[in-house]
Amino acid sequence: MDNQNAIEFFEGQNLLYMQIFGNLRPVCLMWACELGIPDIISNHGKPITLLELVSALQIPPSKVGFVKRFMRFLAHNRIFDIHESQEDHHELAYALTPASKLLVNDSIHCLSPMLQFMTDPCNFFLVMASDSRMVDLVLKNCTSIFEELDSIVDVGGGTGTTARIICETFPKLKCVVLDLPHVVANLTGSNRLSFVGSDMFKSIPQADAVLLKWVLHDWNEENCIKILKRCKDSISSKGNRGKIIIIDAVINEKLDDQDKTQTKLCMDIAMMIAFNGNERTEEEWKQLFIGAGFQHYKIYHTFGFRSLIEVYP
Ligand SMILES: C[S@@+](CC[C@H](N)C(=O)[O-])C[C@H]1O[C@@H](n2cnc3c(N)ncnc32)[C@H](O)[C@@H]1O
Ligand SMILES: COc1cc(-c2oc3cc(O)cc(O)c3c(=O)c2O)cc(OC)c1O
């Protein structure tokens, strides 16, 4: 084997082992949450030293080395930051990163229910609600998309977390949450928020706009076209001024960085195995819109790994 081939061989070998052992990443993340490490660091108010962390975890001092290696792994994966003190014998201290700030339990955008889904999938609506709290950031950045509306139906809107935030942000807007009857049974609304138990494949109440957040990626092309046609009926009284607002991923391997594409493609596999659904490229979205009889669409790519798409008849 010449030098170049040997380099490629070992790079290939490393990549393969990284993928094989990579399944430990979500497992370690879950253990970190179960141990309460993000909360401990947050409550500490400043970077926590290794010994302080071991003491807070009530782990015997003989196991300090295990905690140190565990934290090194998580820091390498950008879940925590490691600070090394210059004075205190190079003592290590750990801080939260943007990722672990989202695992602190009293934070409004806390995503730890999403992580718990791995061990307890029964809590599906809690998981979805945790994701929906990010909608406040979407709304802040695109008020013009919603402020012209008088009414909106959140189709597949679950227990109404998104709709409640929309109502709070836009005080004139009336919001209907449509989901399956057993999901919305016993939920109470307000004068501007109501719940309808129905099948989105059959009928959707009339409104100025329909919101579909994280719904279409659960379904194959044929079913998405059926849903979109029902949505088109729902906005028909507005002529060409009604619209569908979709919040979902748009795969773009050329423009996105490695991390964003990784997230979208992982979710694509989860959707494929679990629901026969998929994440889509812009071209695949366009084909859905044409198939359902829509004429125009506009994509806003500014919401992390998901985009907001306005679709017009
Ligand atoms: C992935 S969840 C998304 C929930 C919510 N939009 C969010 O972003 O948190 C999909 C939702 O679609 C609902 N759903 C599934 N089939 C449905 C149907 N035939 N009619 C109405 N809702 C349906 C589910 O109950 C669930 O709440
Ligand atoms: C992100 O949108 C959805 C996610 C899920 C979902 O699905 C799976 C599937 C799987 O095989 C393993 C998993 O850990 C998960 C999840 O954690 C998870 O959240 C389900 C959805 O609709 C039913 C979604 O729309």
Side-chain angles (χ1 to χ4, degrees), residues 102 108-118 121-139 142 145-146 152-169 175-187 189 193-207 209-234 244-250 263-264 266-280 292 303-309 311:
L102 294 174
I108 158 169
H109 296 117
C110 179
L111 285 178
S112 63
M114 191 64 79
L115 195 56
Q116 285 156 18
F117 189 82
M118 288 172 67
C122 302
N123 247 334
F124 178 72
F125 290 102
L126 200 70
V127 171
M128 289 297 142
S130 75
D131 177 78
S132 289
R133 282 189 281 274
M134 67 90 187
V135 159
D136 60 350
L137 300 176
V138 174
L139 297 180
C142 55
I145 292 173
F146 293 85
I152 188 165
V153 191
D154 185 4
V155 169
T159 50
T161 304
T162 300
R164 284 178 214 282
I165 296 171
I166 291 176
C167 281
E168 277 162 24
T169 316
C175 200
V176 174
V177 176
L178 181 144
D179 210 295
L180 292 169
H182 71 274
V183 177
V184 296
N186 308 323
L187 294 175
L193 175 68
S194 54
F195 290 91
V196 170
S198 174
D199 181 350
M200 64 189 169
F201 287 94
K202 298 208 169 114
S203 84
I204 298 172
Q206 287 284 320
V210 169
L211 175 65
L212 290 161
K213 175 180 166 283
W214 250 8
V215 171
L216 295 178
H217 78 164
D218 287 342
W219 302 92
N220 65 17
E221 315 310 292
E222 191 190 340
N223 282 320
C224 281
I225 289 177
K226 280 188 194 156
I227 298 167
L228 284 168
K229 282 184 174 166
R230 291 289 79 77
C231 293
K232 193 160 172 276
D233 296 340
S234 157
I244 314 299
I245 301 167
I246 295 170
I247 299 179
D248 236 321
V250 178
T263 306
K264 294 180 187 182
C266 281
M267 250 172 212
D268 182 51
I269 298 296
M271 291 307 112
M272 179 170 72
I273 22 183
F275 313 106
N276 191 24
N278 57 303
E279 304 299 347
R280 299 180 165 88
F303 308 108
F305 74 89
R306 270 164 302 188
S307 301
L308 185 149
I309 315 175
V311 193

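Ligands are counted one by one from 1 in listed order, and the atoms in each one are counted from 1 as well. Since we're looking at a predicted model, the values are computed, not measured.
- Using the six-membered ring where Trp is involved, F305 and W214 have ring planes that are tilted, between 30° and 60° apart.
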What verdict does the side-chain contact (heavy atoms from CB on, under 4.5 Å) test give for L102 and H109, after you've listed the backbone C-alpha separation in whole Å, the side-chain angles of each residue and the deciding distance to 0.1 Å?
CA-CA 6 Å; L102 294 174; H109 296 117; 3.8 Å; yes
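- S132 and T162 share a donor-acceptor pair across their side chains, judged by distance under 3.5 Å alone.
- For ligand 1, the atoms lying closer than 4.0 Å to a non-hydrogen atom of S132 are 7 (C), 8 (O), 9 (O).
- Selection from T161, V177, D179, I247 by nearest heavy atom to atom 26 (C) of ligand 1 gives D179.
- Taking only nitrogen or oxygen atoms, main chain and side chain alike, V155 does not reach within less than 3.5 Å of ligand 1.
- Annotation for ligand 1: atoms under 4.0 Å from non-hydrogen atoms of S198 are 20 (N), 21 (C).
- Taking a cut-off of under 4.0 Å to the non-hydrogen atoms of F201, the atoms of ligand 1 that pass are 19 (N).
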For side-chain contact (heavy atoms from CB on, under 4.5 Å), just list the numbers for R306 and M134, CA-CA rounded to whole Å, side-chain angles, deciding distance to a tenth of an Å, and then say yes or no.
CA-CA 11 Å; R306 270 164 302 188; M134 67 90 187; 3.7 Å; yes
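- Residue-level proximity to ligand 1 for W219 is carried by the side chain, the only part with a heavy atom below 4.0 angstrom.
- Checked for salt-bridge contact, D131 and K213 meet the test: a charged N lies under 4.0 Å from a carboxylate O.
- The side chain of D218, and not its backbone, has at least one atom closer than 4.0 Å to an atom of ligand 1 (non-hydrogen atoms only; side chain from C-beta on).
- Side-chain atoms of N220 come within 3.5 Å of backbone atoms of N223 as a donor-acceptor pair (strictly under, hydrogens ignored).
- Within the listing of ligand 1, atoms 3 (C), 5 (C), 6 (N), 7 (C), 8 (O), 9 (O) sit less than 4.0 angstrom from a heavy atom of K213.
- Within ligand 1, counting atoms from 1 as listed, the ones closer than 4.0 Å to a heavy atom of V183 are 25 (O).
- Proximity of A129 to ligand 1, defined as any heavy-atom pair under 4.0 Å, is not found for any part of the residue.
- With hydrogens and angles disregarded, no donor-acceptor distance shorter than 3.5 Å links the side chain of R230 to the backbone of M200.
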L193 vs V177, side-chain contact (heavy atoms from CB on, under 4.5 Å): CA-CA, chis, key distance, verdict:
CA-CA 8 Å; L193 175 68; V177 176; 3.9 Å; yes
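- With ligand atoms numbered from 1 in the order given, ligand 1 contributes 18 (C), 19 (N), 20 (N) to contacts under 4.0 Å with heavy atoms of D199.
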Hey, mind stepping through L308 and I246 against side-chain contact (heavy atoms from CB on, under 4.5 Å) and telling me if it holds?
CA-CA 6 Å; L308 185 149; I246 295 170; over 6 Å; no
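- Taking distance alone, with nitrogen or oxygen atoms compared against 3.5 Å, D154 stays at or beyond that limit from ligand 1.
- Comparing P181, G156, G158 against atom 11 (C) of ligand 1, the shortest heavy-atom distance belongs to G156.
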